[in-house]
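Just so it is clear, the model here is predicted, and its values are computed rather than measured. Protein chains get the first letters and strands the later ones, always in sequence-line order, with residue 1 at the start of each.
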Amino acid sequence: MSSQLELRLPDGSIRQVASGTTVRQVAADIGPGLAKAAVAGELEGTVVEIDRPLESSGSFRILTARDGDALHVLRHSAAHLLAMAVLDLFPGSDLGFGPATEDGFYYDFKTPTPILEEHLEKIEKRMKEIVKEGRSYARVALDKEQAKVRLGEIGYELKIPHVDEIPEDEITFYDSGSFTDMCEGPHVPDTSWIEHIKLLSVSGAYWRGDASGIPMQRIRGTAFFNKKDLKAHLERIEQAKLRDHRRVGREMDLFSLHAEGPGFPFWHPKGTVLWNELEGLVREELRARGYGEVRTPAVLSDELWRTSGHYDHFRDDMYFMDIDERQFAVKPMNCPGCCLIYGSRPHSYKELPLRMAEFGGVHRNEMSGVLHGLLRVRAFTQDDAHVYCAEDQLEAEISDMLDMTRKVYAAVGFDDIKTRLATRPEDAMGDPAAWERSEKALASALDKNGFEGLWTLAPGEGAFYGPKIEVHVTDALGRSWQCGTVQVDFSMPARFGLEYTGSDGMKHTPVMIHRAILGSMERFVGILIEHYGGKFPLWLAPVQAKVLSITEKQADYATKVAADLVAARIRAEADVRGDKVGSKIRDATLERVNYMVVVGGREAEAGQVDVRSRAGDRLGAMSSEDFVAHAREEIRNRA
RNA sequence: GCUGGAGUAGCUCAGUGGUAGAGCACCUCCUUGGUAAGGAGGAGGUCGCGGGUUCAAUCCCCGCCUCCAGCUCCA
């Protein structure tokens, strides 16, 4: 075992080391500073812990606290640390899974007595004690039989059956003092690295997510290499709470939810402004891109849903009712209705692509436990469209849809867009060659719309009736939301017997594309509320300007100015209460009004207004007309 | 749906086996004040809904409803 290994470092240099050299030794060899900063190594893309003897050559780098992968290692180690503390405080507990996640870690426990929120502090304290002990993470490799015996001895009953599901022959354990866990690793050198931790919640979970299986409790937390990052993360969580659309929606009187209609949002006048502005934005694009807008009924007969296939695939999520002894359903999707429109008369190839858009309200009976404000509802409105075209028109159509998506998202302030191409699943319907052609068309459309090299492939995740593109946006807090979707459909036109007459005089079946840009109006407004924290750009803002009188002597003038603004299509209100202007400024700021138009004796005398922005900038005295011009310009630019 | 938690004034929340309180918001009055909180007073609650225990229930028990957090990002 004394053969030489060749490690190719990130700078391109080759380092010769003896087989069995540890990551720590390599780091020390490169420099003492690196040795101190080293968290783990990465050999051929696989992260290995610091005291692991290297046994093969390849590309190699040392991970330090600055690497994202190192953070993952830290958090996985933090999950172990959590388990150590829980086993100390709740002896006899069994362990489930305890992975690192995108922004922290969790561990599932089956404890003899329930873990309550109030225990978290104690558990965290115990964790910090173990941090001080600097327990190492010692790797032990066993074969499967030995592993099962070992798990049995420690009393980790849940993990025993899991051993046989692991593809590798070698099962590894990590020992930290008296604690041990079956784990793939890797880990940080010792627990002293995990100083900056915070436990966030305890909640229910099931062993392997099976709701009929063993109930467990999940403790979630997060960990960082330094105090600053942890603090920033906790502040982000606080920020997110302040921006929660349910809270902002109530504060700004945008919408409400009631026990009388769980999952069915009520839109108030100010929330409806947001809705209408978004619809207007989308309509502008529809007009420019040759779409016709349609409306289809909310309630349609059962037979339609059997024809479309929704009855078979979607029945449990649909609302049914009997009318005149026939069964009807509330539409869960708009496409079948649109297909009836297409089928209502014959079509020529010269009409294709035929584009029909619909702001279509749909109802789906989502499980009660998943409802969440506007983000997960039972009634929502899709900015839907269905395009019927020939197969060779697919790419150009999809290209236009992606262009529209980019344009609409940019207008609402989303520039960071991610896309995924979901391809043929196992239970796919239709001709595999057609699938392949349309997947190529989707990929090509992505490349030609500035997504080249930026979209990711999701093999096998397409719908059974065709491949699709998912569009995700990243909001101001860095969270990603799936909104838009483009789906090719080989199935539904045939189910409805839709056809067009080709140039050859023969009947052909069109391909159908389903697409939504915003996805759900409800959900998109919810996302926008959180993205802006309620501080909307002027064109979207429910109240664009508030006219504030300084004393009650200007009440009439303030009311008139507000009326003038409204006449000039500015959404304005007047505040003529007997409070001091400072108080009114404060209220208007909390209401997130974009402009405060202050009118006192001076302004009333001169027929002017004194304008202040939401951020507190003084634009100074000007005529109402000048303010209107200024505001209209800002609205036009959707700035 | 499942597990755990919660439901008291418009909002944020105290509170008690003997039919309820604060702050903010709201209304009135005083003040007429120039860019993030002037002062005083008043009004406002079937204590989520339905049962039960009790002389008495907002409080204890049971059921229901709604909301909140979570429910396979693998050892």
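Contact between A:E552 and A:G578 at its shortest, heavy atoms only, is OE2-CA, 3.0 Å.
Side chain of A:T551, nearest nucleotide from B:C71, B:C74, B:U32: B:U32. The nucleotide whose nearest atom lies closest to any side-chain atom of A:F97 is, among B:G38, B:A36, B:A75, B:A75. Closest approach to the A:R220 side chain among B:A36, B:G70, B:U66 is made by B:G70 (side chain taken as heavy atoms from C-beta onward). The side chain of A:E552 has B:U31 as its nearest neighbour among B:U31, B:U72, B:A75. In the set B:U72, B:U32, B:A36, B:U32 carries the atom at the smallest distance from any side-chain atom of A:K553. Counting only heavy atoms from C-beta on, A:L371 has its side chain closest to B:C67 among B:A75, B:G38, B:C67. Checking B:C71, B:A36, B:G38 against the side-chain heavy atoms of A:K580 singles out B:G38 as nearest. Taking every side-chain heavy atom of A:V370 into account, B:C71 is the closest of B:A75, B:C71, B:A36. Here the nucleotide nearest the side chain of A:P262, chosen from B:C71, B:C67, B:A36, is B:C67. Out of B:A36, B:C73, B:C74, the shortest distance to the side chain of A:T101 is found at B:C73.
If you take atom C1' in B:C27 and the same atom in B:A9, they sit 15 Å apart, rounded to whole Å. Taking atom P on both nucleotides, B:U19 is separated from B:C59 by 14 Å, rounded to a whole Å. Comparing the same atom, P, in B:C71 and in B:C13 gives a spacing of 24 Å after rounding to whole Å. Nucleotides B:U28 and B:A36 have their P atoms positioned 26 Å apart, rounded to a whole Å. Distance noted for atom P between B:U8 and B:A14: 10 Å (whole Å). Remark: the separation of the P atoms in B:A69 and B:C74 is 23 Å, to the nearest Å. Comparing the same atom, P, in B:A57 and in B:G23 gives a spacing of 30 Å after rounding to whole Å. B:U72 and B:C68 have their C1' atoms separated by 23 Å, with the value rounded to a whole Å.
Judged purely by distance below 3.5 Å, without hydrogens or angles, the side chains of A:S549 and A:K584 pair a donor atom with an acceptor atom. Of the N and O atoms on the side chains of A:H472 and A:E470, at least one donor lies less than 3.5 Å from an acceptor on the other residue.
Atom CG in A:D587 sits about 12 Å away from atom P in B:A36, given to the nearest Å. Straight-line distance from the NZ atom of A:K584 to the P atom of B:U32: 15 Å, rounded to whole Å. A:D579 has its CG atom 13 Å from the C1' atom of B:A36, to the nearest Å. Atom CZ in A:F109 sits roughly 13 Å away from atom P in B:A75 (whole-Å rounding). Look at CD1 on A:I219: it is 16 Å from P on B:G4, rounded to the nearest Å. Regarding A:L548, its CG atom lies at a distance of 14 Å from the P atom of B:A37, rounded to whole Å. A:I115 has its CD1 atom 14 Å from the P atom of B:G5, to the nearest Å. Between A:M216 atom CE and B:C71 atom C1' there is a gap of 12 Å when expressed in whole angstrom units.
Note on A:R250: every side-chain N or O is 4.0 Å or more away from OP1 and OP2 of B:C67. Proximity of A:H372 to the phosphate of B:A69: a side-chain N or O atom is located under 4.0 Å from OP1 or OP2. Within the 4.0 Å cut-off from OP1 or OP2 of B:C71, not a single side-chain nitrogen or oxygen of A:S203 is found. An OP1 or OP2 oxygen of B:G34 is reached within less than 4.0 angstrom by no side-chain nitrogen or oxygen of A:R612. Residue A:R577 places none of its side-chain N or O atoms closer than 4.0 Å to OP1 or OP2 of B:C29. Between A:R246 and B:C67 there is no side-chain N or O to OP1 or OP2 distance below 4.0 Å.
In this structure, A:D67 contributes its side chain and A:D69 its backbone to no donor-acceptor pair below 3.5 Å. The backbone N or O of A:S93 sits nowhere less than 3.5 Å from a side-chain atom of A:T111 that would complete a donor-acceptor pair. For A:Q608 (side chain) and A:A621 (main-chain N/O), no donor-acceptor pair under 3.5 Å exists by modelled atom type. Of the possible polar contacts, one joining the A:T423 side chain to the A:G460 backbone as a donor-acceptor pair under 3.5 Å is found.
Nearest-nucleotide mapping onto RNA chain B: of A:T589 and A:I550, the residue sitting toward the 5' end is A:I550.
Using the Watson-Crick or G-U wobble rule with both distances under 3.5 Å, B:U12 pairs with B:A22. Across all strands shown, B:U3 is found opposite B:A69 as a Watson-Crick or G-U wobble partner, with both distances under 3.5 Å.
Here A:G601 lies in heavy-atom contact (under 4.0 Å) with a base. Across all strands shown, A:G578 has heavy atoms under 4.0 Å from base atoms, whether or not it also approaches the sugar-phosphate. Heavy atoms of A:G369 sit under 4.0 angstrom from at least one base atom. The residue A:V581 sits close only to the backbone: its heavy atoms come under 4.0 Å of sugar-phosphate atoms, none of a base. Within 4.0 Å of A:P215, counting heavy atoms only, lies no atom of the nucleic acid at all. Contact annotation for A:A588: no contact, since no heavy-atom pair falls under 4.0 Å across all strands. Using a 4.0 Å heavy-atom cutoff across all strands shown, A:R218 reaches sugar-phosphate atoms only and no base atom.
Using a cut-off of 4.0 Å between Lys/Arg side-chain N and Asp/Glu carboxylate O, A:D51 and A:R139 are scored as not salt-bridged.
Cation-pi contact between A:R364 and A:F314: absent, since separation from the ring centre below 6.0 Å together with deviation from the ring axis within 45° is not met.
Side-chain to base pairing of A:E603 with B:G34: one donor and one acceptor N or O lie within less than 3.5 Å of each other.
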